[in-house]
Chemist: 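Here it is: the structure, laid out below.
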Amino acid sequence: METTLVLDKLKELQDVLAEKYRYEELIRHAPQQLTAQEELLARLKKEYIEKSADCDEVKEKVRKLKAELFEAESAKERGEKGMDDISSHREFEILDKEIKDAKDMEIRIRRDLQREEKQLAELNETLNSEEQLIKSQEEELNAGKESLASEIESYNAKIVELAERETQITTGIDEEVVFKFERIMKSERIINSKQSQGIVAVKGNVCEGCHMILPAQFANEVRSGNKIVFCPYCSRILYYQELETGEAEYFQAVDTGSLADFDNDLSDFEADDEEGGVEVMEEDVAGIEFEE
Ligand SMILES: [Zn+2]
């Protein structure tokens with residue numbers, strides 16, 4: 001296959017792969033859409049369990065207070081009945097005090113009971129409304145899961161479609177070229193999710209992908225179009241593009257200073273900042289966060 005044809009096919013492949021990887025990313029990040037809802041539901045359930053325990057405690061207090069109230073009332077009644085059988089003032093005084101104490105006790109218990117029953121009613125109300133909230137959150141989450149599943153299904157269908165086009169385009173192209181191309185497209189996806197580029201132009205000896213100046217000899221090789229050439233810095237596949245007027249003057253100015261002392265042995269080359277105005281290739285890919 002002619003090199004120019006391969007380059008054209010790779011440009012087409014670039015768009016297909018960028019789209020395919022985009023869908024793969026969407027699938028990978030999809031479950032995160034529901035994280036907030038899942039966390040909220042877990043928190044609500046935890047709170048509900050805690051409040052239920054509080055409610056049980058108050059119920060137990062109410063039960064005890066009711067038993068105490070019954071005791072106090074009985075004591076009071078016993079005292080009042082006893083009044084019929086007293087035979088001395090001394091007996092009267094003792095019994096009268098017992099009745100008074102029982103009445104005081106009854107008042108105190110009724111007051112406590114009222115307080116605890118009020119709290120119990122409030123807790124029950126809260127529990128009811130929280131139960132409703134949990135139920136509606138669960139319904140919402142389930143609906144979210146369903147729509148997410150159909151979303152993912154549609155993404156997968158797109159991926160299958162794109163993979164078919166990928167096979168069509170790459171048929172007849174050197175496998176190693178395709179392999180390297182897809183690898184750089186994949187790492188591109190991490191550096192810049194918005195614009196994946198695996199094939200870029202060389203303009204005035206500068207790689208448009210990483211903005212590094214290429215050795216003149218190397219740029220000439222790209223221009224000749226005899227074979228597939230990879231950028232020695234960013235590994236992207238290169239094609240030649242003529243400069244437009246205005247651009248040419250800029251690149252000539254850049255050329256004069258820096259290329260004279262360029263080392264031909266590319267493996268020893270280290271990027272430095274001395275080539276004024278030229279960006280150094282992005283480094284530390286792992287440290288860059290993927291932005292959605
Ligand atoms: Zn490059």
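Atoms within a ligand are numbered from 1 in the order they appear, just like the ligands themselves.
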Chemist: Nearest 0.5 Å please: distance from the CD1 atom of I228 over to the CZ atom of F181.
Modeler: 10.0 Å
Chemist: Does E166 have any side-chain hydrogen bond (donor to acceptor under 3.5 Å, both in side chains) partners at least two apart in sequence or in another chain, and if so, which?
Modeler: K20
Chemist: Please state the angle at the Zn ion (ligand 1) spanned by SG of C210 and SG of C234: what is it, rounded to 10 degrees?
Modeler: 110°
Chemist: Under 2.8 Å from the Zn ion (ligand 1), is there an N/O/S atom belonging to H211?
Modeler: no
Chemist: Charged N to carboxylate O under 4.0 angstrom, D112 versus R115?
Modeler: yes
Chemist: Please list, chain by chain and in numerical order, all residues satisfying side-chain hydrogen bond (donor to acceptor under 3.5 Å, both in side chains) with E47, sequence neighbours excluded.
Modeler: R43
Chemist: To the nearest 10°, how many degrees is the angle C207 SG to the Zn ion (ligand 1) to C231 SG?
Modeler: 110°
